[in-house]
Amino acid sequence: MASEAQGEEAGLSFHPMDQFLVKPLFGEGDVHWYTPTNVTLWLFIVAVAIAALLVAGTRGRAIVPNRVQSVAELAYGMTYKMVEDVTGKDGLKYFPYIMTLFMFILFSNMLGLLPKAFTVTSHIAVTGVLALAVFISVTVIGFAKNGAQFLGLFWVSSAPLVLRPILAVIEVISYFVRPVSHSIRLAGNMMAGHAVMKVFAGFAAIAVISPISILAVTAIYGLEVLVATIQAYVFTILTCVYLKDALHPQH
Amino acid sequence: MISLLQEAATTAAEHTEEAAEAAAHGSESASGLPQLDFSTFPNQIFWLIVTLAVLYWVLSRIALPRIAAVLSDRQGAITGDLMAAEEFKQKAKEAEAAYDKALADARAEAQKIVEANRAEIQKELDAAVAHADAEIGARAAESEKRIREIRDSAANDAREVARDVTAELVSSFGGSVDQSAIDSAVETRLKGALQ
């Protein structure tokens, strides 16, 4: 509140965080768990866009694909190969979920870059649920597939015996930190990029600075397109790596 | 007094409530990180789970099997086409081999026919030559025979003429014609001439 007041005094108004506000779609009021909000709207848009690409785009089932079908096949092929390469053949069973995750994050990040858009992946509540879902399912799969042997993941048998208990403590801590880093990495990247863009755009109110400001916004936008794709890729490949640990806990 | 105080207290309380509400919803600007506003968490989590469930269902039931089918169809079509091409190539090779073989056969057949014709002609030629030789021999023998006959008749004629001439000569010189003597004389003279 204090910084806002200062900005107004200087003739500038920075509200870089306003874009992340969760508001009800219809009218004012409290945000209950069932209220349709801007989060709901953008989740819906993301889902519709993914369905448009993967379902409507492949409607033709053409042997020689058109452009949309090529893109859909490219996304499929890339994710499939990633799952196969990282987790091995037995990880392909979980390919649909990983593909869902990848497409959801990629489309959320990309659609969030549209002006006036709301980026659902910039919220820790969303990425936290995604990361926790991965963490819990990977842990469950690990114990279901390997039983108690899954704990061998924390017992580095290639290290000297003296070091093993210490390494085990570090491994356990790093295992439980996984969902935190997994979720904060994505949300932080998205939030920071959008906030920076808003701040640069705010400087455009001053006529002298505005050309530099607009150039900076353009540059940051290009960078953000890259970040949006890379973060979706990173989240997905880390999911694959965690899944590999669960399927083959022996290093 | 007491009632008045109570009234003031309630109005004051109402005012503060209104102010708090205005602060919460009235202003559009965010205070602090909206990401850490835990009151919106249930809403976000609920709608996220709904979206993810729907997306997972759509992808795993419709989109991914369809794309997998399209990709495997394409792979199959490519493999099929390649195999068909290989087959056609094999067929072309076989056809070429068959053509070469037919050509070689035809050539051998022609050679054989030429050889057979040559042998036949040779045989006919040999027969014709032999026939001609035989004919020539026969004709020569016949000619020889006739020559001998002519020679013999010529010799007889000469003998006859000689005899007649001798008898005529003897009679004209006035001698008596002794036929046997004349004959022997002519024979003796002719022996040397006609041999």
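Here is how names work: the chains are called A, B, and so on, in the same order as the sequence lines, proteins then strands, and each is numbered from 1. This is a predicted model, so every value here is computed, not measured.
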* Might you work through the side chain to side chain donor-acceptor pair (under 3.5 Å) test for A:H123 and B:Q35, ending with a clear yes or no? => CA-CA 5 Å; A:H123 273 262; B:Q35 275 86 346; 4.7 Å; no
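- Interface remark: A:V55 contributes backbone and side-chain atoms alike to the contact with chain B (heavy atom separation under 4.5 Å).
- B:L33 places a side-chain heavy atom less than 4.5 Å from the side chain of A:M17.
- The minimum heavy-atom distance linking B:A68 with A:Y76 is given by the pair CB-OH, 3.2 Å.
- Considering only heavy-atom pairs separated by less than 4.5 Å from chain B, the leading option among A:L43, A:V129, A:V46 is A:L43.
- In terms of heavy-atom pairs under 4.5 Å with chain A, the best-connected choice from B:I62, B:L52, B:V54 is B:L52.
- Contact annotation for A:P24: neither backbone nor side-chain heavy atoms come within less than 4.5 Å of a heavy atom of chain B.
- You'll find the side chain of B:L55 reaches within 4.5 Å of the side chain of A:I50, heavy atoms only.
- Most heavy-atom pairs under 4.5 Å with chain B, from the set A:S122, A:A51, A:G128, A:G57: that is A:S122.
- The number of heavy atoms from other shown groups lying within 6.0 Å of CD (A:E84) is above 12.
- Remark: A:T37 OG1 to B:Q44 CD distance equals 7.0 Å, nearest 0.5 Å.
- Taken from CG in A:L101 to OH in B:Y56, the straight-line distance is 10.5 Å, to the nearest 0.5 Å.
- Residue B:A69 does not touch chain A at all, counting heavy-atom pairs closer than 4.5 Å.
- Although no hydrogens or angles enter the test, the distance criterion places a donor-acceptor pair under 3.5 Å between the side chain of B:N43 and the main chain of A:T35.
- The number of heavy-atom neighbours closer than 6.0 Å to CZ of A:F200, taken from other residues, nucleotides and ligands shown, is 12 or below.
- Put simply, the side chain of B:L59 reaches to within 4.5 Å of the side chain of A:L54, judged on heavy atoms.
- For B:S39, the part sitting under 4.5 Å from any heavy atom of chain A is the backbone (N, CA, C, O) and nothing else.
- Inter-residue side-chain proximity for B:R74 and A:P65 is flagged as met; some heavy-atom pair is nearer than 4.5 Å.
- For the set B:L71, B:T51, B:I78, the entry with the most heavy-atom pairs within less than 4.5 Å of chain A is B:T51.
- Around the CD atom of B:E135, the shell of radius 6.0 Å holds more than 12 heavy atoms that belong to other residues, nucleotides or ligands.
- With a 6.0 Å radius and a threshold of 12 heavy atoms from other residues, nucleotides or ligands, B:F46 has its CZ atom above the threshold.
- The candidate from B:T40, B:V70, B:L64, B:I49 with the greatest count of non-hydrogen atom pairs under 4.5 Å with chain A is B:L64.
- Nearest heavy-atom pair across B:P42 and A:W33 is CB-CB, 3.7 Å.
- Contact annotation for A:I124: both backbone and side-chain heavy atoms come within less than 4.5 Å of a heavy atom of chain B.
- Proximity of a side-chain donor or acceptor of A:R61 to a complementary backbone N or O of B:R66 within less than 3.5 Å is not detected.
- Heavy-atom minimum distance, A:F20 versus B:P34: O-CB, 3.5 Å.
- Within 6.0 Å of NZ on A:K198 lie more than 12 heavy atoms contributed by other residues, nucleotides or ligands.
- For chain B, the nearby part of A:A62 is the backbone; its heavy atoms alone come within less than 4.5 Å.
- Residue A:Q19 does not touch chain B at all, counting heavy-atom pairs closer than 4.5 Å.
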